[in-house]
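Chain naming here is simple, since letters A, B, ... match the order of the sequence lines and numbering starts at 1 in each.
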Amino acid sequence: MKFLCIDCDEQMTFQDRQVPGDGTFAASFECPHCNRRIAMLANPFEAQLVNSLGVKIGGRTLEEEPFEQTRRSVVGKDNAFVDEEDTTGKPIRWSAESRERLERVPRFVRGMVKKIYAEYATEHGITEITPAVMDSARTELGLEGM
Amino acid sequence: MTYRTYREVEGSDRSRLAEQVGEQRNRVVERLAGVERVIPVMSGKGGVGKSYVTAALALELARRYEGRVGVLDADLTGPTVVRMLDARGPLKVDADGVEPATGKGGVRVMSMGLLLESGQPLKWREPDSEQFVWRGTLEAGTLREFLADVKWGSLGFLLVDLPPGAASIANLANLVSDVAGAIAVTIPSEESGQSVERAIRSAIDCNVDVVGIVENMCSYVCSDCGHSVRLFEGSAGLRLSEEFELPLLAQIPFVPGQASTGAIGTLADALIENLS
């Protein structure tokens with residue numbers, strides 16, 4: 001999908017993505033010439049079309065996790081997976097609130113979600129994951145339902 | 001008002017959705033680089049013992065190929081291979097992928113049966129409504145991940161137990177371009193024969209070679225006295241073999257409580273011979 005600023009005849013560039021958690025998503029684009037901004041507001045049906053293809057509007061900023069779509073979509077058993085934790089980078093701290101929030105994620109997908117948040121924190125030089133960090137990651141990465 | 005349309009606007013779109021889908025396909029190709037032969041086992045009809053044939057053939061091939069055999073259970077809503085091969089989780093996940101479960105004979109197994117609670121049906125978390133619209137796409141996504149994200153490693157054979165339905169071979173063929181050849185499983189009845197005929201025609205439409213036909217439950221053999229009787233009217237295996245000029249790879253009797261090791265050995269021999 002491309003967005004064209006008709007007045008400037010310029011392709012608009014992707015700016016950011018929002019996932020409000022109600023099944024919809026929004027993405028904003030800006031004309032590099034006149035700086036006009038628009039927001040594309042997708043309804044749940046359109047959002048699902050994208051999700052079910054396992055792709056991201058605005059492109060991917062982190063590598064796709066193994067079984068990412070399956071683990072996001074399937075109601076699976078708690079002990080289906082053992083996720084290896086990444087020990088290559090600096091250890092990331094989790095605040096009490098963020099740990100509590102993580103505990104609410106179904107165990108079938110929790111290990112993967114934890115890894116995605118940790119990778120996001122590492123990418124952004126963040127040393128402690130807080131609910132605010134989780135919110136930004138969720139929005140930036142399009143983690144609907146996580 | 002006139003303005004340029006998609007193809008007239010030069011430069012890629014930032015979302016690169018088509019490229020993202022292309023990358024998903026590439027991951028399948030890269031993951032299967034170590035797999036010598038992908039063999040779908042299809043039937044077009046449920047209840048013909050396709051999963052039994054898949055599991056038994058996998059065990060026989062694993063015996064011959066030092067365990068270098070995998071089974072991908074593509075029957076997401078009715079997974080049975082896990083139980084037949086006694087494969088168990090949990091599955092280890094790292095950045096490179098998901099380690100498959102190891103079943104009897106060292107067979108590497110991936111199945112929805114490893115992800116669901118025992119006896120629970122496959123349920124999708126999202127969307128909340130209109131799931132019938134998306135189910136096919138979600139199932140195709142899971143099949144793609146079973147192919148691309150599982151660390152299959154170096155295998156002589158990857159058997160794919162396809163779900164019933166003539167179209168299931170098309171889903172696989174869309175993801176795997178170099179299928180070595182499909183095995184079509186039927187029982188002797190003409191009702192089954194007609195369903196399997198549709199599956200064979202679907203395979204041909206998708207440019208998938210069919211290696212041959214397996215006629216399962218061709219007879220009932222008493223495990224006490226060895227007396228054999230026919231279980232079904234008809235000879236669908238032979239009829240399909242003649243009509244499509246395909247070899248009848250094996251006729252497998254039903255022997256209560258016993259694996260038909262002789263017939264499965266014949267099937268493995270015929271498969272290897274016809275693939276080469």
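In this structure, the side chains of A:Glu10 and B:Val9 stay at 4.5 Å or more apart for every pair of heavy atoms. Using a 4.5 Å heavy-atom threshold, the side chains of B:Thr142 and A:Phe67 count as separate. A:Leu4 is listed as a side-chain neighbour of B:Arg4, based on a closest heavy-atom distance under 4.5 Å.
In terms of heavy-atom proximity, A:Lys77 sits nearest to B:Leu114 at CE-O, 3.1 Å. Considering all non-hydrogen atoms of both residues, B:Gly97 and A:Pro66 come closest at CA-CG, 3.6 Å. When all heavy atoms of B:Leu116 and A:Val75 are compared, the pair lying nearest together is CD2-O, 3.6 Å.
Of the atoms belonging to B:Ala148, not a single heavy atom falls under 4.5 Å from chain A. Only the side chain of B:Leu122 comes within contact range of chain A, with heavy atoms under 4.5 Å apart. Neither the backbone nor the side chain of B:Gln120 comes within contact range of chain A, judged by heavy atoms closer than 4.5 Å. Within the 4.5 angstrom heavy-atom criterion, atoms from both the backbone and the side chain of A:Phe45 approach chain B.
Taking CD from B:Glu10 and CD from A:Gln11, the interatomic distance works out to 10.0 Å, rounded to the nearest 0.5 Å.
In terms of heavy-atom pairs under 4.5 Å with chain A, the best-connected choice from B:Leu115, B:Thr137, B:Val98 is B:Leu115. Among A:Asp9, A:Asn79, A:Asp83, the residue with the largest count of heavy-atom pairs under 4.5 Å with chain B is A:Asp9.
A donor-acceptor pair under 3.5 Å is absent between the side-chain atoms of B:Asp94 and the main chain of A:Glu84, judged by distance alone. Of the possible donor and acceptor atoms, one in the side chain of A:Lys2 sits under 3.5 Å from a partner among the backbone N and O of B:Tyr6.
No salt bridge links B:Glu145 with A:Arg71; every basic N to acidic carboxylate O contact stays at or beyond 4.0 Å.
A donor and an acceptor atom, one from each side chain of A:Gln69 and B:Arg144, are located under 3.5 Å apart.
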